[in-house]
Asks: 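First the structure, then my questions, so here it is.
Lettering follows sequence order; numbering is per chain, from 1.
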Amino acid sequence: MLTEEKNQENLETRSSVNFIEAIINEDLRLGKNNSRVHTRFPPEPNGYLHIGHAKSILLNYGIACKYNGKFNLRFDDTNPIKEEQEYVDSIMEDVRWLGADWEDRLFYASDYFDQLYDWAEKMILDGKAYVDDQSAEVIAEQRGVPTAPGIESPYRNRLPEENLDLFRRMKAGEFQNGERVLRAKIDMASPNMHMRDPVMYRILHAYHHRTGNQWCIYPMYDWAHGESDYLEGITHSICTLEFEVHRPLYDWFVDQIQETDYRPRQIEFARLNLSYTIMSKRKLLELVKEGYVNGWDDPRMPTISGLRRRGYTPEAIKVFAEKVGVAKRDNVIDVSLLEFSIRENLNKTAKRVMAVLNPVKLTITNYPQDLTEDLITENNPEDPDAGMRTIPFSKELFIERDDFMISPPKKYFRLSPGKEVRLKSAYIIKCNDYRLDERGEVVEIFCTYDPESKSGGAGSNRKVKGTLHWVTVAHAIDAEVRLFDRLFKVENPEDVAEGEDYKTNINPDSLKVLNQCKLEPIMANAIPGEKFQFQRIGYFTVDPDTTPDKLIFNRTVPLKDSWSKSAL
RNA sequence: UGCCCGAUGGUGUAAUUGGCAACACGUCUGACUCUGGAUCAGAAAAGUCCAGGUUCGAACCCUGGUCGGGCAACCA
């Protein structure tokens, strides 16, 4: 981004900062952390990123940019059982695609395993941590409940030397999974459950995607996260609301290692929720594993890879994230805001082309049999720089089946017997007749054209109510078009009757595949990821499944359609 | 009968930190249009969860409620 633009943006938004920026402004005013701002995005590589993560990425990266600070990408990989390299790769691709640049600061919590271990030994020596021999069940029981204090473990007052010996033997692999843990010695009576001697290390004989079999003890989130922030010099550690109750523990752990004035600060914001959408990683994984969708990048998924394949652009997602804002109250954003963002973006950038999704033949009876005209049409009326192109026109055409009705309702502006319409960038035609098959389906429409009405010509000023898109029979190329609808039938998929789950709300018609689609010939050159507006229909992108002999398009989002709406 | 958060049009976010509740999406009109798109013009829609208090003045401060969310993995 140009500095000039950035300054302009700062000026514009200065009067209205979100609560996180307000905190940062205050920290800066007080000169905290040498007036540095340093954020990070800390995903666990246990699944693909979704639009909610995009909000977080863009928030963290946006703040770093705005305050001339830095942004890190850090994988929170402290649980080898759930984490995989595939997820690391996909996450990096998605973060990069969104435009968040971590420069040379790619880190892993596992980078810090040695340091964390050393600090843990020090805490043991200081009497701040101890080894507990009890089972997970017993420990959970002793922790008590939110409304009543817990009780102390019988191992709580073990001598530091014994704790150190045991901890070293844990590390050395002398014990089985679950046999012992290292716990911080805080307060079993705290009203905050997280302060009741939380587990710092558990034994996990498991292969880690980066450290292999080097370790058999792994740090817990609370112990690893704040210390990782500390090691990276993070100033503002932004996370979601559910970690709010963890903050006292975050601070307690930082207290144990802090050596200078520098100190990272945790700030929590409300995660993004979208109507008609499910955002839980666990449930998205379930949709993938149980085959409700075709993989993490299925265009119906709210994953970043799904949105990308659907045809969304990073710009649109950025605009969306800005419009959504940042606050602490729970929210459900209407998907229409997301759709607005991509339409607004693609309206300015997508090339307009003719595509007939559900074709019916139309013959212009008074047009010369062998003639093909190259007509000129705009690539994008919203973008003067997009230029013009030619499109062939001849006697036999395809038009959209929906664009013809034998006996139309009152405000139908399209084609019907005796009526006139314009063919986009071509001529005005009049319907004289049509032919039905034995089932009563229209198989051919017969029209005459007005040679004087050619687009751009002298006599082209005549007004007709409707304009149709079309392609020629002789030149059209075939394509498969995948029409996506929302994955869930209801606004809140989690809202279900007793004994049912969100899967009962899955929309059975979320994917409709059309195979007889006819496109103007220039589309033979379309490449995967390229975006178009199919005129009068919607925005489409070329799916990566496309092969040289089979073009496949995904519908990103339909055009707004006030006609079908009013017809309801 | 614990602790921590939150509450502003249908949805989301603002309100110069105590000064006429604004913006966006959505909805509805109308204009324009060779995309029933876009664009343009306009409208409806909250009196700020409730009750008290402080103040000339409260969405904002205080008190007490109500409602919603979170917290009891060797998950993050």
Asks: Counting any heavy atom closer than 4.0 Å, what does A/Ile333 reach on the DNA or RNA strands: base, sugar-phosphate only, or nothing?
Replies: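 Since only primed, P, OP1 and OP2 atoms lie under 4.0 Å of A/Ile333, the category is sugar-phosphate.
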
Asks: What contact category does A/Pro149 fall into here, base, sugar-phosphate, or nothing, at under 4.0 angstrom with non-hydrogen atoms?
Replies: nothing

Asks: Measuring from the side chain of A/Thr467 (C-beta onward, heavy atoms only), which nucleotide among B/rU35, B/rC25, B/rC5 has the closest atom?
Replies: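 Closest nucleotide among those given: B/rU35.
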
Asks: What distance, rounded to whole Å, do you find between the two P atoms, one in B/rA14 and one in B/rC56?
Replies: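 Straight-line distance between the two P atoms is 31 Å.
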
Asks: Would you please name every residue forming a ring pair (Phe, Tyr, Trp, His ring centres under 6.0 Å) with A/His194, sequence neighbours left out?
Replies: A/His246

Asks: For A/His225, what residues pass the ring pair (Phe, Tyr, Trp, His ring centres under 6.0 Å) criterion, not counting sequence neighbours?
Replies: A/Tyr221

Asks: Before you tell me yes or no, could you show the steps for A/Ile24 and A/Lys66 under side chain to side chain contact (heavy atoms under 4.5 Å, CB included), namely the whole-Å CA-CA distance, both residues' side-chain angles and the distance that decides it to 0.1 Å?
Replies: CA-CA 11 Å; A/Ile24 294 173; A/Lys66 179 169 179 174; over 6 Å; no

Asks: Of all residues at least two apart in sequence or in a different chain, which pass the side-chain contact (heavy atoms from CB on, under 4.5 Å) check with A/Thr390?
Replies: A/Asp374, A/Ile376

Asks: Roughly how many Å apart are B/rA45 and B/rA21, using the P atom of each and rounding to a whole number?
Replies: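 So the two P atoms sit 15 Å from each other.
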
Asks: Under 4.0 angstrom, heavy atoms only, what part of the nucleic acid is A/Lys411 near: base, sugar-phosphate, or nothing?
Replies: base

Asks: When all nucleic acid strands are considered with a 4.0 Å heavy-atom cut-off, which category describes A/Arg247: base, sugar-phosphate, or nothing?
Replies: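 Nothing, no nucleic acid heavy atom in range.
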
Asks: As a quick check of understanding, evaluate side chain to side chain contact (heavy atoms under 4.5 Å, CB included) for A/Thr313 and A/Ile342, giving each step before the final call.
Replies: CA-CA 7 Å; A/Thr313 61; A/Ile342 189 61; 3.9 Å; yes

Asks: Please list all pairs meeting salt bridge (charged side-chain N to carboxylate O under 4.0 Å, His left out) that have one or both residues in residues 135-148 of chain A, counting only residues at least two apart or in different chains.
Replies: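 Listed once each, the pairs would be none.
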
Asks: Using a cut-off of 4.0 Å on non-hydrogen atoms, how would the nucleic acid contact of A/Gln533 be classed: base, sugar-phosphate, or nothing?
Replies: base

Asks: Considering only side-chain heavy atoms of A/Phe340, which listed nucleotide, B/rU35, B/rG26, B/rA14, is closest?
Replies: B/rG26

Asks: Encode nucleotides 71-76 of chain B as B, S and - characters from 5' to 3', where the letter depends on protein heavy atoms closer than 4.0 Å: B to the base, S only to sugar-phosphate, - to neither.
Replies: SBSBBB

Asks: With sequence neighbours excluded, what pairs up with A/Asp330 under the side-chain contact (heavy atoms from CB on, under 4.5 Å) test?
Replies: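 In terms of side-chain contact (heavy atoms from CB on, under 4.5 Å), with neighbours along the sequence ignored, A/Asp330 is linked to A/Leu241.
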
Asks: Under 4.0 Å, heavy atoms only, any strand: does A/Glu244 hit a base, just the sugar-phosphate, or nothing?
Replies: sugar-phosphate

Asks: In whole Å, I'd like the distance from the CZ atom of A/Phe413 to the P atom of B/rU33.
Replies: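 Answer to the nearest Å: 13 Å.
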
Asks: Check the distance between B/rU35's C1' and A/Glu520's CD and give it to me in whole angstrom.
Replies: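 In whole Å, B/rU35 C1' and A/Glu520 CD are 14 Å from each other.
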
Asks: When you compare B/rG10 with B/rC49, how far apart are their P atoms, in angstrom units rounded to a whole number?
Replies: 13 Å

Asks: Between B/rA22 and B/rA72, how far apart are the C1' atoms? Round to whole Å, please.
Replies: 43 Å

Asks: Roughly how many Å apart are B/rG26 and B/rC60, using the C1' atom of each and rounding to a whole number?
Replies: 28 Å

Asks: Need one value for A/Lys323: base, sugar-phosphate or nothing, where a base atom within 4.0 Å counts as base even if backbone is also close, heavy atoms only.
Replies: sugar-phosphate

Asks: Give A/Ser336 one of three labels, base, sugar-phosphate or nothing, depending on what nucleic acid heavy atoms sit under 4.0 Å from its own.
Replies: sugar-phosphate

Asks: For RNA chain B, what are the stems built from at least three Watson-Crick or G-U pairs in a row, each pair having both distances below 3.5 Å?
Replies: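 Paired runs of 3+ in RNA chain B: B:2-7 with B:66-71, B:10-13 with B:22-25, B:27-31 with B:39-43, B:49-53 with B:61-65.
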
Asks: For atom P, what is the distance between B/rU35 and B/rG19, given to the nearest Å?
Replies: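 Pairwise P distance, B/rU35 against B/rG19, rounds to 49 Å.
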
Asks: Let me know, please, whether A/Lys560 or A/Val326 comes out on the 5' side of the other along RNA chain B by nearest nucleotide.
Replies: A/Val326

Asks: Test A/Ser190 against A/Asn192 for side chain to side chain donor-acceptor pair (under 3.5 Å), laying out the working first.
Replies: CA-CA 5 Å; A/Ser190 170; A/Asn192 183 335; 5.4 Å; no

Asks: State which residues pass side-chain contact (heavy atoms from CB on, under 4.5 Å) with A/Lys128; sequence neighbours excluded, sorted by chain then number.
Replies: A/Met123, A/Asp126, A/Trp252, A/Gln256

Asks: Can a donor-acceptor pair under 3.5 Å be found between the side-chain atoms of A/Arg343 and the base atoms of B/rG37?
Replies: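 No such pair is found, so the answer is no.
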
Asks: Categorize A/Tyr412 for me: base, sugar-phosphate, or nothing, with a 4.0 angstrom heavy-atom threshold over every strand shown.
Replies: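 The answer is base, as A/Tyr412 lies within the cut-off (heavy atoms under 4.0 Å) of a base atom.
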
Asks: Check whether NZ of the Lys or CZ of the Arg A/Lys351 lies under 6.0 Å from the centre of the six-membered ring of A/Phe532 and within 45 degrees of that ring's axis.
Replies: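 Judged by the rule (NZ or CZ under 6.0 Å from the ring centre, within 45° of its axis), A/Lys351 is not positioned above A/Phe532.
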
Asks: Between P on B/rC5 and CD1 on A/Ile267, what's the gap in Å once rounded to a whole number?
Replies: 15 Å

Asks: Taking only side-chain N and O atoms of A/Ser562, does any of them lie within less than 4.0 angstrom of OP1 or OP2 on B/rG37?
Replies: yes

Asks: Output all residues satisfying side-chain contact (heavy atoms from CB on, under 4.5 Å) with A/Thr541, sequence neighbours left out; order by chain, then residue number.
Replies: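 Counting only residues at least two positions away or on another chain, A/Thr541 forms a side-chain contact (heavy atoms from CB on, under 4.5 Å) with A/Lys531, A/Asn554, A/Thr556.
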
Asks: Say you pick atom P in B/rU27 and the same atom in B/rU11; how far apart are they, in whole Å?
Replies: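 15 Å, rounded to whole Å.
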
Asks: Check ring pair (Phe, Tyr, Trp, His ring centres under 6.0 Å) between A/Trp296 and all other residues, then give those that pass, not counting sequence neighbours.
Replies: A/Tyr48

Asks: Got a list of protein N/O to nucleotides 39-46 of chain B N/O distances below 3.5 Å?
Replies:
none

Asks: Rounding to the closest angstrom, what is the interatomic distance between B/rC74 and B/rG70 at atom C1'?
Replies: 22 Å

Asks: Using the closest heavy atom to pick a nucleotide of RNA chain B for each, name whichever of A/Arg352 or A/Ala270 lands nearer the 5' end.
Replies: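 Its nucleotide being nearer the 5' end, the pick is A/Ala270.
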
Asks: Just jot down the ring pair (Phe, Tyr, Trp, His ring centres under 6.0 Å) partners of A/Phe320, sequence neighbours excluded, or say none.
Replies: none

